[in-house]
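Just below is one structure, and these are the notes that go with it.
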Amino acid sequence: MFDIKDLYQEIIVDHNRNPRNFGIIDNADKIIEGFNPLCGDKLKLYLKTEGQNIADISFDGSGCAISVASASLMTDAMKGKSINDAELLFNSFHNLITNENGADEKSLGKLAVLAGVKDFPARVKCATLCWHTLHSAITGDKETVSTE
Ligand code: FES
């Protein structure tokens, strides 16, 4: 019988094996590093903005399947978004993954495949590593973001 969880699992595996937007953007105007000290995984986020929009976004580095799949899905979702919409999406995804404030899964599109992570608290930081890195790239002036 068809199980939506199997489909979600397949999408996560696909984004880990063939990550979208993986690599360097040569003319990025922001480069910020995210670090999970619990496991030592690091990823770098490259951001190119035009006015108030994210014109291009990519990542590289190494991480577990969840962190790579999350970065792949996030960069796909963020390309072309305004900074304001990116922040709204950050908040919705954070609600989804921490199970706070009743996240609207439908508004998250493909990102909803990561909803199951909330049942595994140790993996929440894996899924949110790239998101906190982007949040800091947009709002702050740190060059490195830690999940701790
Ligand atoms: Fe390191 Fe997931 S185990 S980010």
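Just so you know, ligand 1 is whichever comes first in the structure, and atom 1 is the first atom listed for that ligand.
Between Trp131 and Phe93, the angle of the ring planes stays under 30°, which puts this pair in the parallel group of the 30/60° scheme.
Hydrophobic clustering (ILVMFWY, side-chain heavy atoms < 4.5 Å, transitive): Phe35 and Val145 are in distinct clusters.
Relative to atom 1 (Fe) of ligand 1, the option among Ala71, Cys39, Ala122 with the closest non-hydrogen atom is Cys39. Around atom 3 (S) of ligand 1, the closest heavy atom drawn from Leu38, Asp41, Leu43 belongs to Asp41.
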Ile66 vs Val68, test: side-chain contact (heavy atoms from CB on, under 4.5 Å). Steps then yes/no.
CA-CA 6 Å; Ile66 296 289; Val68 170; over 6 Å; no
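The closest approach between any non-hydrogen atom of Ile66 and ligand 1 is not below 4.0 Å.
Counting atoms of ligand 1 from 1 in the listed order, those under 4.0 Å from a heavy atom of Cys64 are 2 (Fe), 3 (S), 4 (S). Residue-ligand proximity, Cys126 to ligand 1, at heavy-atom distances under 4.0 Å covers atoms 2 (Fe), 3 (S), 4 (S).
Counting only distance, with no hydrogens or angles, the side chain of Ser72 and the backbone of Pro19 share no donor-acceptor pair below 3.5 Å.
A salt bridge between Arg20 and Asp14 is present, with a side-chain N of the basic residue lying under 4.0 Å from a carboxylate O of the acidic one.
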